Amino acid sequence: MKEKINLFIQDSGITREQRENRNGANAFTIWMTGLSGAGKSTLSISLERWLFNNSYNCYRLDGDSIRQGMNRDLGFSKVDRAENIRRAAEVCKLFNDSGIIVIASFISPFSEDRSIAENIIGKRWFHLVYINASIEVCKKRDVKGLYKLSSEGKLKDFTGIDSLFEIPESTSLTLNTEILSETASLNILIQFVQTIITGKKP
Ligand SMILES: Nc1ncnc2c1ncn2[C@@H]1O[C@H](COP(=O)(O)OS(=O)(=O)O)[C@@H](OP(=O)(O)O)[C@H]1O
Ligand SMILES: Nc1ncnc2c1ncn2[C@@H]1O[C@H](COP(=O)(O)OP(=O)(O)O)[C@@H](O)[C@H]1O
């Protein structure tokens, strides 16, 4: 049997709503999923800049940076990816509770892990955005040279090559970055985010 843990949460009485009111907008998480090279970082950086320039309190979490700090003990096995996503989602939840909009950009290749993230953050506040580009296009882009490393056998468990990416069955928004330009993708994303800010979840 699991050992009983004696933990007691004390409430300051300051509500999420009060914090959101002070920030002038509701808080939520835009969770971007997609292959390496699909365009998650590019779009999340531009979206963060747009939100910031429009006076919204926002913060961006990205696999590459989180994995160098909080999650530096984790690799790319299925178990480690699950833990990476779980911890990242807990951080999103804390940011959202503090009234801040989060843009989370993680490959998050497994449906189960994305569902866990959604449950942690809360269905109401979790918006899954699939940044869709095929493995062929991502290979061609090879922004970081990781596809080349993988083809040379120097990188194991690389998503889309020797580790699975499960295409999401249901998303809040899908952006096909093979067809759309960066500007067009960003405009759609901004429009989408504006509907959430004004309280109308599509
Ligand atoms: N084996 C392997 N597979 C996938 N990605 C790898 C791997 N090794 C290193 N990288 C780099 O790590 C970034 C992905 O980290 P994430 O935390 O988003 O991954 S995951 O959600 O836990 O699957 C990923 O970032 P993006 O290219 O921006 O997606 C890579 O820079
Ligand atoms: N519509 C688009 N949206 C985002 N990136 C695009 C788009 N079209 C082409 N790209 C290019 O694809 C690459 C995506 O790289 P990156 O954002 O680092 O991907 P990821 O973070 O998913 O690994 C960049 O070189 C970017 O210029």
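Values in this document were obtained by computation on a predicted structure and should not be read as measured data. In listed order, ligands and their atoms are each counted from 1. We use all heavy atoms of the structure for the numbers below, so side chains are in, but hydrogens, waters and symmetry mates are not.
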_F110 atom CZ, over 12 foreign heavy atoms within 6.0 Å_ = yes
Count the heavy atoms belonging to other residues, nucleotides or ligands that lie under 6.0 Å from CD of E178, then report whether that count exceeds 12. yes
Item to check | Beyond-backbone contact of V193 with I30, side-chain heavy atoms, under 4.5 angstrom | outcome: yes
Hey, are D64 and K144 close enough for a salt bridge, meaning a charged N less than 4.0 Å from a carboxylate O? yes
Is the shortest distance from a Lys or Arg side-chain nitrogen in K148 or E152 to a carboxylate oxygen in the other one below 4.0 Å?
yes
### Message
Could you tell me if R49 sits above the aromatic ring of Y56, with its cationic atom closer than 6.0 Å to the ring centre and no more than 45 degrees from the axis?
### Response
no
Of I197, I121, V102, the one forming a side-chain contact (heavy atoms from CB on, under 4.5 Å) with F28 is I197
side-chain hydrogen bond (donor to acceptor under 3.5 Å, both in side chains) filter on R60, not counting sequence neighbours, yields E48
Hits for side-chain hydrogen bond (donor to acceptor under 3.5 Å, both in side chains) against D73, two or more places apart or cross-chain, chain-then-number order -> R87
Those residues with a heavy-atom separation under 4.0 Å from ligand 1 are S36, K40, S41, G63, D64, R67, F76, R81, N84, I85, F106, I107, S108, P109, K144, L146, L155, K156, D157, F158, T159
At a 4.0 angstrom heavy-atom cut-off, ligand 2 is contacted by L35, S36, G37, A38, G39, K40, S41, T42, L43, R141, V143, T177, L180, S181, E182, S185
